[in-house]
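Below: the structure, in structure tokens.
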Amino acid sequence: MAVATRPEEVRDPEAAAEEEQKANADISQMARGGLLNLVGAAGTGIFTFALVTVLTRGLGPASYGAFVSAMGLFTVLSNTAELGADTGLVRTIARLRALDRVRDVRKTIAVAVIPPLVIGTLFGVAMWLWAPQLAHIFGKGKGSDQIAEFARWMAPFLPAGGVVLVLLSATRGFGTMVPTVTVDRLGRPFVQVALALGLIVLAGSHHANHGLIALSWALPQLVGAVIGLWWLWGLLLKAERRDRRLNGRRRSRPTMVLAEKFWRFTAPRGLAGIFQIVVLWLNTLLVGRLADTAKAGIFNAATRYITAGLMVGVAVQHVAGPKLSELMAQKSWDRARAVYQTTTAWLMVATWPLYLTFALFAPTLLRVFGHGFKGGAGALEVLGVTMLVATAVGTVDMVLLMGGKSSWNLINTVVGLTSNIVLIPRYGGTGAAIAWSSSILFTNLAPLIQVWKFLGMHPFGRGFPKVVLAAGAAYGALGLVLRVGLGTSFTVFALYQVLAGLLYLALLWRHREALQLTVLVAELKRKNRRQRVKA
């Protein structure tokens, strides 16, 4: 079948030079947002790991399993309450700004935020009322009775848990990553770790008040929502003032027209988002139901390493989403393809060392949580290999969504969830990891075929084979030799990180032009010069 949308044709050398200049500007803009967002992703990964370490050692497998079961319910419900408005606002605000319709942004934000707030409030009430029943459904064995206590302390903050992500997504539609990084990537997880650590230290190991632990995790959601609203309001007023200076006062379109247009795109994405978050937490909840609550805690602790790696993917998505929406709205398909391929290479550069490490040295990494968590090694190994494939297709879901194909995204996600349920984990954490892996693979490979065939976009740019070679040699081949020859002790792991890191950096530097790493370096130098001038 022919590609539905053809890239623009360049007719003369001057036009070609202009297009190249625009493409370079796109990558430079991505670098500015990407550097900040990768710092945020690194911070989130570190704080997530720290929180898991604090809670696993402070609560033990059973109580930690109860905590993550309640947290999983909170996360599924709060993300469901978003109704896809987070992705919808990123795309819509970026498009409205690109098409010079800033006057429609205020009403669009209102029609996007109010439904998630209402639904989130209803979910919060339901979670508080039915906490014992939910604990009975998703808990089994030692620690299951604690799920209801954790859930009831978290429930009042559920509306804020969904709205904060919608508000911060709206700020990204204005072309800035600062609110998301400051509030969601660094501020919230840091406060959660600090509060949990303080409570556990004061109470002593395995004696912390469960209600206060839940409160320390949930309260930052509300604080983040308040800060996010304040930040979004400032960005909106600034954009409106600029629009009035340039265009005078112009009437916006009727609210119902904007609402119909917004939710026509967003509703399928909302359903897909529900299935995606269910897939993310389903296996933890099912392990708690089919095995016991303690094994759910072990599985969740193992997968937190994967979640830390996923934060890098989310960071790249947040940078790429608004730019892809803008370029696709302007039908600049060649530039959009270049953005997709460059961000895929950057994503692989950042994550392939992580996932190869997880797959090869899972037993070593899980010792950090204590002896009770070593049973999660098989799950971490399976998921580490799976994520190599998932990251190799880049931000493919974001390309599909920014191309307006939210219904396709919904179908992919439903099929992925179905494959997960069919392979319900009856063999503990490793079985759950295999089930989740099947879903991850389908929901990444199916949209790859779709965007390649119907939008003419694929992630395999000139930097792709360079990353495969560099990461495969440094972290794959070298790591395998060390593990087989010397084992998985902390000493071997430390040696592996040093040797692999040096080799990887050398290979990346050799291929820096193909990977567009020179743009990142130039951006770092520019920021340093600007800081020296200010000083």
Side-chain angles (χ1 to χ4, degrees), residues 1-11 15-34 37 87-101 169 172-177 265 269 313-349 391-409 412 444-464 467 514-516 519-520:
M1 183 178 294
V3 174
T5 308
R6 296 181 183 277
E8 63 275 22
E9 296 181 0
V10 177
R11 299 189 177 186
E18 183 179 354
E19 283 301 309
E20 184 177 358
Q21 186 177 12
K22 289 179 179 179
N24 290 336
D26 292 334
I27 301 303
S28 295
Q29 183 179 350
M30 300 284 294
R32 287 193 291 273
N37 218 19
T87 302
L89 275 180
V90 171
R91 178 178 183 268
T92 303
I93 293 176
R95 286 177 64 87
L96 290 174
R97 292 174 63 237
L99 299 174
D100 196 26
R101 299 195 63 89
S169 294
R172 295 197 298 276
F174 285 98
T176 176
M177 292 302 310
F265 166 81
R269 172 56 194 161
V314 172
V316 174
Q317 279 190 346
H318 286 173
V319 173
K323 175 56 68 175
L324 286 169
S325 177
E326 173 189 331
L327 294 175
M328 288 180 174
Q330 297 168 346
K331 302 190 183 303
S332 299
W333 300 104
D334 283 346
R335 290 166 59 191
R337 187 181 301 107
V339 165
Y340 180 28
Q341 293 178 350
T342 299
T343 54
T344 298
W346 289 352
L347 176 61
M348 293 172 66
V349 165
T391 51
V393 302
T395 58
V396 65
D397 261 347
M398 186 60 66
V399 175
L400 197 64
L401 287 167
M402 295 302 106
K405 305 299 184 182
S406 57
S407 58
W408 295 6
N409 175 253
N412 296 337
N444 280 277
L445 296 179
L448 171 64
I449 296 171
Q450 291 162 348
V451 301
W452 200 337
K453 190 170 184 64
F454 297 106
L455 296 177
M457 311 245 315
H458 65 80
F460 308 119
R462 64 193 185 107
F464 183 88
V467 185
L515 296 169
Q516 296 276 17
V519 179
L520 293 175

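In this chain, residues are counted from 1 in sequence order. These values consider heavy atoms only, across backbone and side chains, with no hydrogens, waters or symmetry-generated copies.
For the pair T176 (side chain) and R172 (backbone), a donor-acceptor distance under 3.5 Å is absent. Between the R337 side chain and the G456 main chain, a donor and an acceptor come within less than 3.5 Å of each other. A donor-acceptor pair is defined here as one N or O able to donate and one able to accept, closer than 3.5 Å; such a pair exists between the side chain of R97 and the backbone of G173. Of the possible donor and acceptor atoms, none in the side chain of Q450 sits under 3.5 Å from a partner among the backbone N and O of L400.
Partners of P459 according to the side-chain contact (heavy atoms from CB on, under 4.5 Å) rule, which considers only residues two or more places apart in sequence or in another chain, are Y340, T344, L448. Partners of R95 by salt bridge (charged side-chain N to carboxylate O under 4.0 Å, His left out), not counting sequence neighbours: none found. For F464, the ring-ring contact (aromatic ring centres under 6.0 Å, His included) partners are F460, not counting sequence neighbours.
Note that NE2 of H458 and CD of Q341 are 5.0 Å apart. Values are rounded to the nearest 0.5 Å. Distance check: N412 CG to N444 CG gives 10.0 Å after rounding to the nearest 0.5 Å. Within the model, atoms NZ of K453 and CG of L455 stand 12.5 Å from one another, a figure rounded to the nearest 0.5 Å.
Taking each heavy atom of V90 and S169 in turn, the nearest pair found is CG2-O, 3.2 Å. Residues L515 and G463 approach most closely at CD2-O, 3.2 Å, considering heavy atoms. Nearest heavy-atom pair across M328 and M457 is CE-CE, 3.9 Å. In terms of heavy-atom proximity, V467 sits nearest to M348 at CG1-CB, 3.5 Å. Closest heavy-atom contact between V399 and V451: CG1-CG1, 4.1 Å.
Both tests hold for R91 against F265: distance to the six-membered ring centre under 6.0 Å, angle to the ring axis within 45°.
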